[in-house]
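Working notes for the structure below.
Treat the numbers as computed from the prediction; the structure is a model and nothing was measured. Numbers restart at 1 for each chain; the letters A, B, ... are given by sequence-line order, proteins then strands.
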Amino acid sequence: MPENTPVKRRKFQFFDFIEKPMELFIRICGWSSIIGIATIFVFIFKEAGPMVPRLDWVEFFTSSRWIPNPAPGNPASYGALALIVGTFGTTFIALIIAVPVGLGAAVYIGEFATGKVKETLKVVIELLAAIPSIVWGFIGLMVLGPLVKSIFTAAPGSAWSKIMVTLQLASADGGTTQGTNLLTGGIILALMSVPVIVSLSEDALRAVPDNFREASLALGANTWETVRRVLFPAARNGLLAACLLGMGRAIGETMAVLLATGHSNRIPEALTDPVRTMTATIAAEMGECVQGDDHYRVLFILGIVLFVITCAVNVAGDLIIKGVKKANKA
Amino acid sequence: MTSPHIEFQNVSTRYGSKDILKNVSFTVGRNEIFGIIGPANSGKTTMLKSINRTLEFIGGATRTGTITINGEDTRQMDPNALRRRIGMVFPLPVGLPMTVWENVAYAPRRMGINNKEELNEIVERCLRQSVLWDEVKDRLDLLGTRLSGGQQQRLTLARALSLSPEILCLDEFSIAIDPVTTMRIEDVLKELRKTMTIILVTNLTQQARRLADRTMFFWRGEVIELDKTDVIFSDKPADKRTFDYVNGVFG
Amino acid sequence: METASKNPFAPGEFERKKDQALAHRKWVMFGFCMLLVLPLIAILVDIFWKAAPVLSFDYLTENPTNKGKEGGLWAPLIGTFYLVIGSLLVVTPVGILAAIYMNEYAKDGWLNRTIGIAVTSLAGVPSIVHGLFGLGAFVLAMLPGFNAMLGLEGDEKWEAGLLTASLTVAVMNLPVIITSTREALGAVPQSFREACWNLGATRFQTIRTIVLPNSLSGMLTGIILVVSRAAGETAPILFTGATFFKFIADEGVEKWFPYGPGEPFMAMSMHLNIISNQISQMPENMKFGCAAVLIALILIINSFSIALRVWLRGRKRW
C-alpha cells in the first residue's frame with residue numbers, strides 16, 4: 001500500500017516566535033479598559049478622599065452658597081445645589097429639544113428618506129457629532145448668545161418684558177442682559193446630544209425585523225401608522241437607551257456649558273437666567289485653587305458625583321441596548 | 001476491514017442541555033471509504049467537528065468519551081497538529097478573501113514552506129485532485145471569494161488536501177457541484193483512498209452506495225446500523241429503519 | 001370611463017385623508033432634520049464669513065503674538081499635532097489589541113461581560129473627569145516618580161506637558177477605538193476563521209493572515225475618529241499640560257519641534273477657549289479665525305473617514 005507523506009513543518013518563521021508573547025500581550029491589553037476605569041476611580045477618590053469625611057454633605061446638596069474663597073476670617077462654604085440644578089436644568093432643556101428632534105430625524109432617515117438625501121443627512125449628523133465641544137461653546141457664546149439676547153431682552157417695565165416675566169422666560173430685572181444662559185446652554189447641549197440620539201435610535205429602528213413592517217403594511221397601514229403603532233413599541237427600549245445615552249453626553253459636557261451658560265452660581269428663576277454646571281465649575285476653578293487644599297478636593301468630589309451619575313446613565317443605557325439585542329436574537 | 005484508523009469509544013456530545021451524539025462507538029479502518037448517511041440534524045457534522053476538535057470553539061459544547069487516531073487519544077495531541085492531519089470539507093463553500101493560489105497555499109505556508117516552486121507544485125496537485133485546475137489554471141490570481149459556489153466548494157476541497165492529510169472528511173461536499181463534476185471528483189476519491197482514509201457524510205444515499213466500503217446509518221445522534229455498504233443497501237439490512245431510509249420511506 | 005370611475009381599489013375619502021396625514025407628518029419629520037442641517041450650515045457660514053478677513057496661509061504659519069491678538073496659529077496647531085500623535089501612539093496598539101482580545105480570544109463569560117461594562121463606563125466618563133484623572137494619576141503621581149527615577153533636578157524636571165496630556169487623551173479615546181475595532185473585526189465572517197482553524201492554523205495565525213488584513217481599513221476609520229476627537233478635546237488637557245502661551249521659535253528646526261514631552265504646550269482647542277472669553281479686547285476676527293481653523297481641521301479629518309468608508313463599500317472582497 002502506498003505510504004502517505006504528510007507535509008512536515010519546515011522551519012519556524014518570525015511570527016511563530018512572537019506568537020506566544022504577542023498572545024500574552026493581547027491578553028494584558030484586553031484588561032486595559034478595566035484597568036482604565038479602575039485607576040480613574042482610584043485616583044479621583046485618592047485626591048478627593050481626605051475631604052469626604054470633612055465635607056458638610058447636607059450643605060453640599062441643599063445649599064447654593066458656593067464660596068470657596070471667602071473674605072479673610074469667614075469660613076468657606078461648599079453648597080453645590082445651584083451647580084446640580086444648573087447641570088440638570090441645562091440637560092432637561094437639552095432633552096426637551098433633542099428627544100423629539102432626534103427621534104423625528106431618526107424616523108425620517110431610517111424609514112422615509114432614500115438614496116442621496118439619506119446619505120447626506122447621515123453625513124451631517126456625523127459632522128454634528130464631530131464638532132468639538134469647545135467649538136460648540138464658542139458658537140453658544142458668539143453666535144447663538146447674541147441671538148437669544150436680542151430676542152429676549154426688553155426695557156424693564158415694557159410690555160414685552162412683562163409678558164416674558166409672566167411666562168418666566170426672563171427675570172424681572174430688565175429681561176436678560178447676557179446672551180449666555182440656561183436656554184442658550186440647553187440649545188447647544190441639544191445640538192450636541194442629537195447625533196447620539198439619532199444614530200442610536202436609527203440602530204434601534206433598524207433592529208426591528210422587516211416582517212413587522214411588512215405585516216403592518218400588508219394590513220393597509222401606511223408608513224406613519226407603521227412607525228407609530230408597530231416600530232415605536234417594538235423599538236421602545238432601544239429608543240429609551242438612545243435618549244439615556246444622549247442625556248449622559250449632556251450631563252458630562254464641559255467646555256460647551258462653560259462658555260455658553262453664563263457661569264453664574266445661582267438657582268435660575270427664568271429660562272434665560274445664567275446658570276453654572278458642575279463640570280464648568282471644575283474646569284473654571286481647578287486652575288485657581290491650591291493643590292491639596294479643601295477647595296481642590298471638593299472639586300474632585302464634584303468629579304465623583306459626575307462620574308457616578310454618568311456611569312449609571314451610560315451603563316443603564318447600554319444594558320437596555322444589549323437586552324434588546326438578545327431579545328431580537330432569541 | 002483493514003487495521004483500525006479512527007476509533008470512537010462511547011462518544012457523547014452536548015450542546016448546552018441538548019444531546020447531540022448519544023454514546024457513539026464505531027471504528028473506521030485504514031484507507032477505507034467510510035460512508036455516513038442519515039437525515040439532517042442527526043449530528044453528523046458535530047461528529048466530524050469532534051474528530052478534529054473544532055467543536056471546542058463552539059461555546060457551550062462539551063464532549064465525553066474517547067476518539068483515537070492510530071490508537072492515540074486526540075485529546076492528548078496538539079489540536080493544531082491534529083487538524084493538519086485531517087482534511088475537512090463542510091457543506092458551505094468558503095473561499096478565503098485571497099487569491100486562488102494563496103487559498104491553496106495557505107496551510108503549507110503556515111507550515112513554513114516558502115519555496116515558490118514547491119508551493120506551485122502543491123497548488124497544482126491539489127487543484128487537479130479537486131477537478132478545479134482546468135477552470136482556474138489561467139486565473140490563479142483571482143479572488144477566491146469571486147469564484148462560483150461550486151468552484152469555491154472544490155477550492156475548499158483543494159485546501160483540505162494541501163497538507164496531504166491522512167484523513168479526509170467530506171461533509172456533503174457535492175451540494176453545490178454539478179453531477180458531472182461530482183462524478184469526476186468521486187473518481188479522484190477512489191484514487192486518493194490509496195493514501196488516506198476518507199469519511200464521506202452524504203445526503204445522497206446513492207453516492208455512499210457508489211463509493212463507500214462500509215456505510216453507517218446515523219439517526220438522532222445514534223448509530224442505527226453499520227455494515228458493508230452492500231448489506232445496508234440490500235433488501236435485508238439488520239434494522240428496518242435503515243431499509244426505510246435508504247428506500248425513501250422516511251427521512 | 002364608467003368602469004374606471006368604479007374601480008373598487010380607488011382610494012376613498014378615508015384613504016385620501018390618511019395619505020394627506022402621512023404627507024404632513026413626513027414634512028414635519030423632514031423639518032426636524034432641517035432643524036439640524038440649516039442651523040449647522042448657517043453657523044458655519046457665519047463663522048467662516050467673520051473669520052474670512054484673517055484667514056490666510058501666513059495665519060497658519062505664524063506664531064501668535066500679543067496674547068493671541070495678533071499673528072497666527074502656528075504654535076497651537078503644531079501642539080495639537082503632537083498631542084494627536086502622542087495619544088495615537090498609546091491608544092492605537094492598546095485599543096486594537098484589547099478589541100482583538102475581546103473579539104477573538106475571550107469566551108463569552110463574566111470576564112468578557114465585565115470588560116464590556118468597563119468599556120461602556122469608560123466611554124461615559126465626562127471629559128472633565130478624565131482631566132481630573134490625568135491630573136491625579138499622570139501629573140501628580142506619575143511625573144514625580146518618573147523624575148526621581150531619572151534623577152532629574154531643577155529645570156530638567158519634566159512637568160505637566162505633552163506626555164501627560166497625550167496619556168490622558170489616550171485613556172479617554174480607548175473605548176472609542178475598542179468599539180470601532182470590534183465592529184471592524186466582527187465584519188469578517190466567522191466562516192473564514194473556521195476554515196483556517198480546520199487547516200490547523202493557530203488562532204494567532206488566523207488573526208494575522210485573515211482577520212487583520214480584512215478589517216484593517218475598517219479599523220482605520222476608527223483611528224481617524226480618534227484623531228478628530230483628540231484634536232478637538234479641551235477639558236482633558238486643561239490641567240494636564242496645555243498652556244495658553246509658550247514662546248516658540250519662529251524659524252528653523254525648532255519651529256517644527258517646539259515642545260519637549262515634559263514641557264507645557266499650546267493646543268488649538270485650548271487657544272480657542274482662552275481667546276474667546278478670557279482675554280479682554282480680543283479682536284472678533286481673531287476669535288472667529290481660530291474657531292474657523294479648528295472647525296476646518298476637524299471637517300477635513302472627518303471627510304477622510306467618510307471618503308474611506310465610501311471607498312470601502314466599493315471594494316468588498318466577499
Worksheet entry | A/Glu225, part contacting chain C, at a heavy-atom distance under 4.5 Å | side chain

Discussion item. Strictly below 4.0 Å, N to O, side chains only: are C/Glu104 and C/Arg182 in salt-bridge contact?
Written reply: no

Discussion item. Is A/Val194 in contact with chain C via its backbone, its side chain, both, or neither, using a 4.5 Å heavy-atom distance?
Written reply: side chain

Worksheet entry | Atom group of A/Glu19 that falls short of 4.5 Å from chain C, counting heavy atoms | both

Worksheet item: Based on non-hydrogen pairs under 4.5 Å, which of A/Gly36, A/Ala130, A/Gly287 is most in contact with chain C?
Response: A/Ala130

Discussion item. Quick check on the interface: out of A/Pro195, A/Cys29, A/Gly252, who has the most heavy-atom pairs with chain C under 4.5 Å?
Written reply: A/Cys29

Discussion item. Counting heavy-atom pairs under 4.5 Å with chain A, which one of C/Leu132, C/Thr120, C/Leu122, C/Val129 comes out on top?
Written reply: C/Leu132

Worksheet item: What part of A/Ile40 gets closer than 4.5 Å to chain C, counting heavy atoms only: side chain, backbone, both or neither?
Response: both

Worksheet item: Counting N and O atoms only, with roles assigned by atom type, does the side chain of A/Thr87 sit under 3.5 Å from a partner on the main chain of A/Met278, one being a donor and the other an acceptor?
Response: yes

Item to complete: Using non-hydrogen atoms and a 4.5 Å limit, figure out which bit of A/Tyr296 sits close to chain C: side chain, backbone, both or neither.
Response: side chain

Response to the item:
Okay, A/Phe138 and chain C: the region with an atom under 4.5 Å from a heavy atom over there is side chain

Worksheet item: Counting heavy-atom pairs under 4.5 Å to chain C, which of A/Ala105, A/Gly102, A/Ala38, A/Ala106 comes out on top?
Response: A/Ala105

Practice prompt. Against chain A, label C/Ser305 side chain, backbone, both or neither, depending on which of its atoms sit under 4.5 Å from a heavy atom there.
Written response: side chain

Item to complete: Check each atom of A/Ile251 against the heavy atoms of chain C and say whether the ones under 4.5 Å are side chain, backbone, both or neither.
Response: neither

Worksheet item: Taking the side chain from C/Asn103 and the backbone from C/Ala99, do they hold a donor-acceptor pair closer than 3.5 Å?
Response: no

Item to complete: Give the member of A/Ala312, A/Gly317, A/Ser133, A/Ala283 that has the highest number of heavy-atom pairs under 4.5 Å with chain C.
Response: A/Ala283

Practice prompt. Would you confirm whether C/Thr181, through its side chain, and C/Ile178, through its main-chain N or O, come within 3.5 Å as a donor-acceptor pair?
Written response: no

Worksheet entry | Atom group of A/Tyr108 that falls short of 4.5 Å from chain C, counting heavy atoms | both

Worksheet entry | Leading residue by heavy atom contact count with chain A [cutoff under 4.5 Å; candidates C/Ala235, C/Pro93, C/Gly95] | C/Ala235

Fill in: Worked check of ring-ring contact (aromatic ring centres under 6.0 Å, His included) between C/Phe138 and C/Phe133
CA-CA 8 Å; C/Phe138 299 129; C/Phe133 162 67; 5.5 Å; yes

Worksheet item: Does the C/Thr164 side chain pair with the main chain of C/Thr240, one donor and one acceptor, at a distance under 3.5 Å?
Response: yes

Practice prompt. Counting only heavy atoms closer than 4.5 Å, note whether A/Ile26 contacts chain C via side chain, backbone, both or neither.
Written response: both

Fill in: C/Phe239, part contacting chain A, at a heavy-atom distance under 4.5 Å
side chain

Item to complete: Among C/Gly31, C/Ala291, C/Cys33, C/Ser228, single out the residue with the greatest number of heavy-atom pairs under 4.5 Å to chain A.
Response: C/Cys33

Discussion item. Determine whether a donor-acceptor pair (N or O, by modelled atom type, separation under 3.5 Å) exists between the side chain of A/Glu23 and the backbone of A/Lys20.
Written reply: no

Worksheet item: Picking from A/Leu128, A/Val315, A/Ile282, A/Val198, which has the most non-hydrogen pairs under 4.5 angstrom with chain C?
Response: A/Ile282

Fill in: C/Arg203 CZ to C/Ile100 CD1 distance, which is reported to the nearest 0.5 Å
12.5 Å

Worksheet item: Can any side-chain N or O of C/Asp46 pair as donor or acceptor with the backbone N or O of C/Ala42 at less than 3.5 Å?
Response: no

Response to the item:
The interface call for C/Ile306 against chain A, heavy-atom contacts under 4.5 Å, is side chain

Worksheet item: Can you find a pair of side-chain heavy atoms, one from C/Arg309 and one from A/Glu126, that are under 4.5 Å apart?
Response: yes

Worksheet entry | Full working for side-chain contact (heavy atoms from CB on, under 4.5 Å) between A/Thr226 and A/Leu217 | CA-CA 7 Å; A/Thr226 307; A/Leu217 293 173; 3.5 Å; yes

Worksheet item: Is it the backbone or the side chain of A/Leu141 that comes under 4.5 Å from a heavy atom of chain C, or both, or neither?
Response: side chain

Worksheet item: Is it the backbone or the side chain of A/Glu111 that comes under 4.5 Å from a heavy atom of chain C, or both, or neither?
Response: neither

Worksheet item: At what distance, to the nearest 0.5 angstrom, does NE2 of C/His271 lie from OG1 of C/Thr234?
Response: 12.5 Å

Worksheet item: Taking C/Pro39, C/Ala98, C/Gly232 one by one, which has the highest count of heavy-atom pairs under 4.5 Å against chain A?
Response: C/Ala98

Worksheet item: Quick one: which of C/Leu44, C/Val37, C/Ile43 gives a side chain to side chain contact (heavy atoms under 4.5 Å, CB included) with C/Ile41?
Response: C/Val37

Worksheet entry | chain A contacts, top residue of C/Ile117, C/Asn273, C/Leu238 (heavy-atom pairs, under 4.5 Å) | C/Asn273

Discussion item. Below 4.5 Å, heavy-atom pairs only: which of A/Arg249, A/Arg27, A/Glu47 has the largest tally toward chain C?
Written reply: A/Arg27

Response to the item:
Looking only at C/Leu225, C/Ile207, C/Leu135, C/Ile96, the option with the highest number of non-hydrogen pairs under 4.5 Å against chain A is C/Leu135

Fill in: C/Tyr105 and C/Tyr101 aromatic ring geometry - parallel, tilted or perpendicular at 30°/60° bounds
parallel

Worksheet entry | C/Phe304 atom CZ, over 12 foreign heavy atoms within 6.0 Å | no

Worksheet item: Relative to chain A, which segment of C/Leu40 carries a heavy atom at a distance below 4.5 Å: side chain, backbone, both, or neither?
Response: side chain

Worksheet item: Is there a donor-acceptor contact under 3.5 Å from the side chain of C/Ser269 to the main chain of C/Glu233?
Response: yes

